[in-house]
Amino acid sequence: DWQADTHARADGTLNPTPGGLAATAQLYEVRIQARSSQYPLGVRAELNGTPTLTLAADGGVNLGPGQLQVTPSASGPRALPPMASQPAMLAWDTTRWHQGHLSSRGQVRGLALSWVNAALADDTTPEGPLRRSGLEGDLLFDGLWDLDLPLTAAPRPSAGPARGQLTLTHRTGDLTLVTGSGPRAERVPAGLREATLTLGLDRERLNGRLRWQSDNAGQAQADVSTTLLPPSPQQPQWAWPEQAPLAGQIQADLPQVGLW
C-alpha cells in the first residue's frame with residue numbers, strides 16, 4: 001500500500017525499428033516522495049546527474065550511469081525515533097533489464113543503522129527494536145552490489161549463470177550498549193573497528209560472511225552457505241526451500257555486557 005508523488009523532466013525521441021518502436025530519453029530531473037500507511041518510514045529520492053534511459057522494442061530497458069540521493073521521511077502522523085538526517089547516495093553503472101534478466105552494478109554510501117530502527121518501529125515498540133534491545137548509535141555503512149541474474153522463470157536464452165555479490169561495510173560511527181534504565185543506566189561504547197557483511201551468489205549457491213571486531217563488544221566471524229531455488233514455472237521468484245542444506249562455521253568471543 002505505497003503511494004508516490006513523482007516529478008520528472010526529460011527529453012527523448014521515438015525511433016522506429018524492424019521490431020517496433022524504441023525510445024531514448026535523457027533524464028534531467030526526477031524527484032520521488034514515497035510513503036505507506038503500513039510503514040512508519042517513507043523516503044524522498046532525487047536524481048543527480050543526467051542518465052540516459054533506453055527502451056528497446058523487445059521490452060529491454062537500459063539505464064545509463066547515474067546517482068540518486070535518498071533521504072528518509074515520516075510516512076504517517078506517528079513520531080519516529082531519532083535517526084540520521086543526512087541522505088544516502090546511490091550510484092550505479094549501466095543497468096540492464098532484458099527478457100527477465102537483470103544486470104546491475106553500483107554502490108551506496110551513508111546508510112544509517114538508525115534508519116533501520118525507525119523503519120521497524122511500531123505501536124508496541126515506538127522507540128524501535130534496536131533501542132528496545134539496548135542498542136543505539138550513529139553507525140553509517142557503505143555498500144556495493146554486482147548482480148547478473150534472472151528474476152523471472154524464462155530469462156533470455158543467452159543469459160549466463162546467475163551470479164551476484166552484496167557487501168555492507170562499516171564506514172564511521174559507533175554502537176553504544178545500554179544496560180539498565182534511568183539514572184542507573186550504563187552506556188558502554190562498542191569501540192567498533194570492523195563490521196562487514198558479504199553475500200555472494202554463484203548459480204544456486206549462496207555464501208554469507210560476517211566479520212565483527214570491536215574493543216568492548218567482542219569479536220565474531222561467521223561463514224555460512226546454502227542453496228537457493230531460481231525462478232521456475234512452479235516458483236516465479238527466487239526461493240529458499242525448507243530442505244536446503246545449511247552449513248558453516250561461527251566463532252565468537254563476546255564479553256558480558258548485560259545484553260548477551
Side-chain angles (χ1 to χ4, degrees), residues 2 33-45 69-90 107-145 166-199 208-224 246 248-260:
W2 282 90
Q33 174 82 49
R35 58 193 178 278
S36 170
S37 60
Q38 305 298 319
Y39 298 95
L41 195 66
V43 66
R44 296 193 307 270
Q69 181 175 285
V70 180
T71 307
S73 62
S75 191
R78 186 170 62 208
L80 292 174
M83 63 180 180
S85 59
Q86 67 268 32
M89 185 66 71
L90 280 75
Q107 61 180 313
V108 56
R109 293 181 57 82
L111 281 177
L113 182 65
S114 58
W115 295 358
V116 178
N117 184 64
L120 297 177
D122 55 27
D123 292 333
T124 59
T125 56
E127 73 276 32
L130 295 179
R131 283 180 168 258
R132 170 64 65 89
S133 300
L135 300 174
E136 60 185 33
D138 56 354
L139 289 180
L140 292 180
F141 292 86
D142 292 340
L144 299 171
W145 75 86
L166 302 173
T167 302
L168 197 63
T169 303
H170 167 243
R171 187 179 86 189
T172 187
D174 199 6
L175 191 67
T176 300
L177 316 177
V178 184
T179 59
S181 60
R184 301 187 63 181
E186 180 182 359
R187 282 175 162 76
V188 180
L192 188 57
R193 290 184 276 115
E194 178 187 5
T196 302
L197 175 65
T198 301
L199 297 175
R209 169 176 290 187
L210 172 67
R211 295 293 184 266
W212 170 276
Q213 297 284 335
S214 69
D215 295 328
N216 300 316
Q219 292 81 40
Q221 62 180 41
D223 294 275
V224 298
L246 180 63
Q249 297 181 358
I250 299 176
Q251 298 178 353
D253 180 12
L254 303 177
Q256 293 293 330
V257 293
L259 293 174
W260 46 67

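By convention here, the first residue in the shown sequence is residue 1. All values reported here derive from a predicted model rather than from experimental measurement.
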Side chain to side chain contact (heavy atoms under 4.5 Å, CB included) between Gln107 and Asp142, worked out: CA-CA 7 Å; Gln107 61 180 313; Asp142 292 340; over 6 Å; no

Distance, nearest 0.5 Å, that separates CD of Gln69 from CD of Gln86: 11.0 Å

Exceeds 12 heavy-atom contacts within 6.0 angstrom, atom CZ of Arg209: no

Gap between atom CD of Glu127 and atom CD of Glu136 - 0.5 Å precision: 11.0 Å

Expected output: side-chain Gln219 to main-chain Ser214 donor-acceptor under 3.5 Å: yes

Heavy-atom pair of closest approach, residues Thr71 and Pro87: OG1-CB, 3.2 Å

Ala217 backbone acceptor or donor facing Trp212 side chain under 3.5 Å: yes

Whether Asn216 side chain and Pro189 backbone form a donor-acceptor pair below 3.5 Å: yes

Under 3.5 Å donor-acceptor, Arg109 side chain and Arg171 backbone: no

Contact check, side chains of Pro129 and Asn117, non-hydrogen atoms, under 4.5 Å: yes

Gap separating the CG atom of Leu130 from the CG atom of Leu120, nearest 0.5 angstrom: 7.0 Å

Spatial distance of atom CG (Asp253) from atom CD (Gln221) [nearest 0.5 Å]: 11.5 Å

Residue pair Ala118 / Leu41: nearest heavy atoms and the distance that separates them: CB-CD1, 4.4 Å

Min side-chain heavy-atom separation Arg193-Asp215 under 4.5 Å: yes

Nearest heavy atoms of Ala222 and Ile250, plus distance in Å: CB-CG1, 3.8 Å

Heavy-atom donor-acceptor pair, Asp174 side chain to Leu192 backbone, under 3.5 Å: yes

Residue pair Gln213 / Arg211, side-chain heavy-atom distance below 4.5 Å: no

More than 12 heavy atoms of other groups within 6.0 Å of Gln249 CD: no

Minimum side-chain heavy-atom gap Leu135-Leu177 below 4.5 Å: yes

From CZ (Phe141) to OG1 (Thr167), nearest 0.5 Å: 13.0 Å

Shortest non-hydrogen contact from Gly110 toward Leu140: O-CD2, 3.9 Å

Between CG on residue Leu199 and CG on residue Leu168, distance to nearest 0.5 Å: 9.5 Å

Which atom of Val108 lies closest to which atom of Ala88, heavy atoms considered: CG2-CB, 4.4 Å

Heavy-atom closest pair, residues Gln33 and Ser73: NE2-OG, 3.1 Å

Leu175 vs Leu113, side chain to side chain contact (heavy atoms under 4.5 Å, CB included): CA-CA, chis, key distance, verdict: CA-CA 9 Å; Leu175 191 67; Leu113 182 65; 3.9 Å; yes

